[in-house]
Amino acid sequence: MSNVPWLTAMLVIPLVGSLVVACLPSSLASKAKQVALGFSLVTLVVGIVAALRFDTDSSALQLTEQHQWIPSFGVSYAVGVDGISLSLILMSLVLAPVCILAAWHDAPEGGSREKTYFALLLSLVPFMVGVFAATDVFLFYVFFEAMLVPVYFLVAGYGGARRRQAALKFLLFSLAGGLVMLVALIALYVHGPGGADGFMITRLVGLEMSPMAERLMFVGFFIAFAIKAPMWPLHTWLPDTAEEATPATSTLLVGVLDKIGTFGMLRFCLPFFPDASRWAAPAILVLALISIFYGAFLAIGSKDMLRLISYTSISHFGFIVLGIFAFTITGGNGSALYMVNHGFTTAALFLIVGMLIRRGGSAKIPAYGGWQRVTPALAGCFLVAGLSGLALPPLGAFVSEYLVLVGTYQRHHVIGGIAAVAVILAALYILLMYQRVFTGPRPEGVDRVRDLTGREKVVIVPLIASFLVLGLWPKPALDVVNPAITKTLQTVGIADPAPSTGAQATSEGSAK
């Protein structure tokens, strides 16, 4: 166990910060965003210091803490991280201050609504850390469900005209998935060893259970995670929510919270239900393919920029699920890295589009045209973010998407080949949007529109830097996630496929 409760500190600091922001007196209400930004930056510093103590050569959980919480029900307060969860926590901690800074003028300034807005944004941070760090499954479920509260109020209270309907749809989908998972979770506990720490992940791996029971519990967990991811056909809440929420809320929702779905598949579905995972893999791979192409085609046809970005995320999550259920180390590493790259790429796209909407007054693509002549810096930043979204080298998304495709092709040649075609569709939906919004003659009536401000540049620069760092030097990130991916696949009981005879012969011939 860690002598310093690093993970608890990452939970407590933003939680205290959100309470401080919410309780600011009226005379200091205008300082709510500065206070929220300060607490988020302190949490980020703590996260970086903790990450420096992480041993990248170990697949074991690190920075662990465990205390009895409800021993009569087998529930503990237990947290710890492996490489996958650490990378997602760091991504979350980076995006939190970026989103707070981007949301500087999203709420009416100086009143209670501004305090509430920034308090809610900051309150998401402890839930993001907790859901990735929980090593007690019931504690994970608590974080999984509790985060719905601030997201609901962020969407319903701040955003577009149909924000309340979108928030309700998001809440109903999420609660339905959580209820299904709760039933499976209780069944898993009944099959487990019980005791005061009966919900600990380490005690629930390798249980003896009938094939039917294992499959039913797998389906319960998978449905909850497929809704959260989201995957086709359980995705319909996402475009509505992303369209109506503020850009900062959409960023944290799609860039971070939706990763809980794919993270949960790696952390729970595969180790808890290895036989059921292998049984369900063919169907899941087909669903992943459908998600990839469905999201891409809808993005190509979308007339709303925010909905377009949400559709691209459905396509990208299809790639992540594809890599997970290909059951290869290369594909698994690609999926883990893809989650991080997608978080930064989606954040840049949502936030830059939000900056454009603030200037143009509309999210509709036909309302624009020629804006690179009005806001050249904003147009250039969007182009870089878009190129990351279509996985162009040397940006980070290229590495992760390439690994997913190669890892999938290692075991499933046909599926890997079909998925590779979607790369062309990604180029279409990104470049067509750029062409329609930013190219063409200069529009009229925009003489007083400013290009990027200093604050907006501070928002965008770290995101673009992340594309370049993860694209040009992905090895440190891969070294962090590789031991956890390898251990997970060993638990499932599947080894990487051996190279084909033809490939071996070619390799031997080249050596000679």
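Numbers for residues simply follow the sequence, beginning at 1. All values below were derived from every heavy atom in this structure, side-chain atoms included, with hydrogens, water molecules and symmetry-related copies excluded.
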Has Lys259 got its NZ or CZ under 6.0 Å from the middle of the six-membered ring of Phe132, at an angle within 45 degrees of the ring axis? no
Does the Lys NZ or Arg CZ of Arg436 fall within the cation-pi geometry relative to Tyr368 - under 6.0 Å from the ring centre and within 45° of the axis? no
Closer than 4.0 angstrom, basic N to acidic O: yes or no for Glu243 and Lys364? yes
Min side-chain heavy-atom separation Leu390-Val423 under 4.5 Å: no
For Arg359, is the CZ atom crowded, meaning more than 12 foreign heavy atoms sit under 6.0 Å from it? yes
salt_bridge(Arg267, Asp82) N-O dist < 4.0 Å: yes
Option among Leu383, Asp451, Val353, Val449 that satisfies the side-chain contact (heavy atoms from CB on, under 4.5 Å) test with Leu378: Asp451
For Phe54, is the CZ atom crowded, meaning more than 12 foreign heavy atoms sit under 6.0 Å from it? yes
Among residues at least two apart in sequence or on other chains, which ones pass salt bridge (charged side-chain N to carboxylate O under 4.0 Å, His left out) with Lys33? Glu109, Glu114
Geometric class of the Phe263/Phe268 ring pair [parallel <30°, tilted 30-60°, perpendicular >60°]: perpendicular
Sequence neighbours excluded, the answer for salt bridge (charged side-chain N to carboxylate O under 4.0 Å, His left out) partners of Arg411 is none
Report, one line per pair, each donor and acceptor closer than 3.5 Å where one atom sits in a side chain of residues 41-49; sequence neighbours left out.
| from | atom 1 | to | atom 2 | distance (Å) |
| --- | --- | --- | --- | --- |
| Thr43 | OG1 | Phe39 | O | 2.8 |

Could you go through residues 283-291 and list every donor-acceptor pair under 3.5 Å that involves a side-chain atom there, pairing it with any protein atom two or more places apart or in another chain?
| from | atom 1 | to | atom 2 | distance (Å) |
| --- | --- | --- | --- | --- |
| Ser291 | OG | Trp232 | N | 3.0 |
| Ser291 | OG | Leu287 | O | 3.1 |

Is the count of non-hydrogen atoms from other residues, nucleotides or ligands lying under 6.0 Å from Tyr434 atom OH greater than 12? yes
Taking the inter-plane angle between the rings of Phe221 and Phe225 on a 0 to 90° scale, is it parallel (under 30°), tilted (30 to 60°) or perpendicular (over 60°)? tilted
With sequence neighbours left out, write down each residue that passes ring pair (Phe, Tyr, Trp, His ring centres under 6.0 Å) with Phe344, or none if nothing qualifies. none
Cut-off 3.5 Å, no hydrogens considered: what does the side-chain donor-acceptor table look like for residues 169-178, sequence neighbours left out?
| from | atom 1 | to | atom 2 | distance (Å) |
| --- | --- | --- | --- | --- |
| Lys169 | NZ | Thr236 | O | 3.4 |
| Lys169 | NZ | Asp240 | OD2 | 2.9 |
| Ser174 | OG | Phe170 | O | 2.9 |

